[in-house]
2 protein chains.
Amino acid sequence: MPAELIERDAVSRILAAARELFAEHGFDAVSMNAIAEAAGASKANIFHHFKNKDELYLAVLKTACANSCEQIERFGQDEGSFEQRLERYAAEHLNHILDNEQVTRLIQRDLLDNGPRRGRQFAEQVFGQNFGRLVEILREGQLRGELRQDIDPAQVALMIIGTNLTFFQAREVFRHFPDVNFAGSPETYSRMAMDIVLRGIQPHGTRNAEKE
Amino acid sequence: MPAELIERDAVSRILAAARELFAEHGFDAVSMNAIAEAAGASKANIFHHFKNKDELYLAVLKTACANSCEQIERFGQDEGSFEQRLERYAAEHLNHILDNEQVTRLIQRDLLDNGPRRGRQFAEQVFGQNFGRLVEILREGQLRGELRQDIDPAQVALMIIGTNLTFFQAREVFRHFPDVNFAGSPETYSRMAMDIVLRGIQPHGTRNAEKE
DNA sequence: GTCTATACAGGGATAGAC
DNA sequence: GTCTATCCCTGTATAGAC
């Protein structure tokens, strides 16, 4: 028996199977037959619980994003210096997208799709939540003079998120590049990237980035 | 008549239509019927020129990437200071991916479709070419002491490319974010991002980033 | 709620005339 | 090289029994 997620009700199994398959292959490449088989249910039963394929996809995205957003809420919450918070946020964010590979892929797919709008809202929700929290932290730091005034917090937030997303997206590719040593180590990558960013956004004349 | 690309031979029209549709909607979402209609040719004629759908897709990717790589060769070629070259490279790269939206989307899609699937090679080719050129420039700068020694050039290259790709990928989303002012202006975005990166990778104690 | 069986549309791909 | 017509399969979705 497929040991992974047995003993759960059909709806849960269907959602889990659908999430995995949609994330891996994309909406159009996945048939209801495949989902039914992976979920250990009949195709007709899926249609009993979800009106059609689109609605199933939407349900997958909805539960996945809700779960993801819940985790994001906790990023960078704790106390600590401005730099520590930022560094921690970046590390936690990278960790999060790697741990939730399926959701991340779903969202990236959705961002790429120009066609049916389907669940764009959820992609925007997750992306926007991360973005908003980061901007908040950065604004606060700016008020307290802990980063340059002549800088757009939104820009920095986007750089941090983007740097992490790039790692996620391209890690399998640059794993084969001779120049790259950090492919297998997100921690190293995150630390190095944030070292550059932090130094880049320091107020002019500051010099206290190292602490080890 | 569809004014865009008329008067060309069938193969060109087919490739152009296929590139547009694949980029927009993804491989599985596009039917040969749709391509035939968009290209103003019959489905049978497509199959006359391309063995099957996969081969057509591969041909699209191949020509698109070849064209793209040709342009990349010219990035950052000219003389100028290290910082100027880097800045120029970043700006040209962002410009390039925006101008070649279809190719960029094709590659991102291909990257996402991790499976035992198609032309991963092309993604590696384009990505790798950009990456390699950037690392080269950075190494050179490092030798001449124009950027920190304790930094991995590959890391910086990835940050620059990733920052640009993120702009491309998410610009439609953060266009609606109140915090973002640079959504419509890649030039502004690129300048601001590189300002941070350049300051972040300067040798300790340098202070000559501004020149205007 | 869950199944088997089935309807029916659209997909990729081919035959064969011109 | 290009077309029309057609094949056959797989996809989504439904009917109806249990």
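Throughout, protein chains are lettered first and strands after them, A, B, ... in sequence-line order, and every chain is numbered starting at 1. None of the values given here were measured: they were computed from a predicted structure.
Following rounding to the nearest Å, A:His25 (NE2) and D:dG11 (P) show an atom-to-atom distance of 13 Å. Residue A:Lys51 contributes atom NZ, which lies 14 Å from atom C1' of D:dT12 at whole-angstrom precision. Following rounding to the nearest Å, B:Phe47 (CZ) and D:dC7 (C1') show an atom-to-atom distance of 13 Å. Rounded to whole angstrom, the span from the CZ atom of A:Phe50 across to the P atom of C:dG1 amounts to 11 Å. Taking atom CD1 of A:Ile46 as the reference point, atom P of D:dT14 lies 14 Å away to the nearest angstrom. Rounding to whole angstrom units, CG of residue B:Asn52 and P of D:dC8 are separated by 20 Å. In this entry the distance linking CE of A:Met32 with P of D:dA13 reads 6 Å, nearest Å. Between the NZ atom of A:Lys53 and the P atom of D:dT12 there is a distance of 4 Å, rounded to whole Å.
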Just the atom pairs and distances: protein N or O near nucleotides 2-4 of chain D's N or O, under 3.5 Å.
{"from": "D:dT2", "atom 1": "OP2", "to": "B:Asn45", "atom 2": "ND2", "distance (Å)": "3.3"}
{"from": "D:dT2", "atom 1": "OP2", "to": "B:His49", "atom 2": "NE2", "distance (Å)": "2.8"}
{"from": "D:dT2", "atom 1": "O5'", "to": "B:Asn45", "atom 2": "ND2", "distance (Å)": "3.0"}
{"from": "D:dC3", "atom 1": "OP2", "to": "B:Ser42", "atom 2": "N", "distance (Å)": "2.8"}
{"from": "D:dC3", "atom 1": "OP2", "to": "B:Ser42", "atom 2": "OG", "distance (Å)": "3.1"}

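Rounding to the nearest 0.5 Å places CE of A:Met159 at 8.5 Å from CD1 of B:Ile160.
Applying the salt bridge (Lys or Arg N to Asp or Glu O under 4.0 Å) definition to pairs two or more places apart or across chains, those involving residues 48-64 of chain A are A:Lys51-A:Glu55, A:Asp54-A:Arg118. Listed by first and then second residue, the side-chain hydrogen bond (donor to acceptor under 3.5 Å, both in side chains) pairs involving residues 37-48 of chain A are A:Asn33-A:Lys43, A:Asn45-A:His49 (not counting sequence neighbours).
Taking the six-membered ring where the residue is Trp, the centroids of B:Phe174 and A:Phe131 are separated by 6.0 Å or more.
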- Item | Trace of the salt bridge (charged side-chain N to carboxylate O under 4.0 Å, His left out) decision for A:Asp113 with B:Arg109 | CA-CA 9 Å; A:Asp113 273 346; B:Arg109 280 222 149 79; 2.2 Å; yes
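Remark: the A:His96 side chain and the A:Thr104 side chain contain no N/O donor-acceptor pair separated by less than 3.5 Å.
Regarding contacts with the backbone of C:dG10, every side-chain N or O of B:Asn33 stays at 4.0 angstrom or more from both OP1 and OP2.
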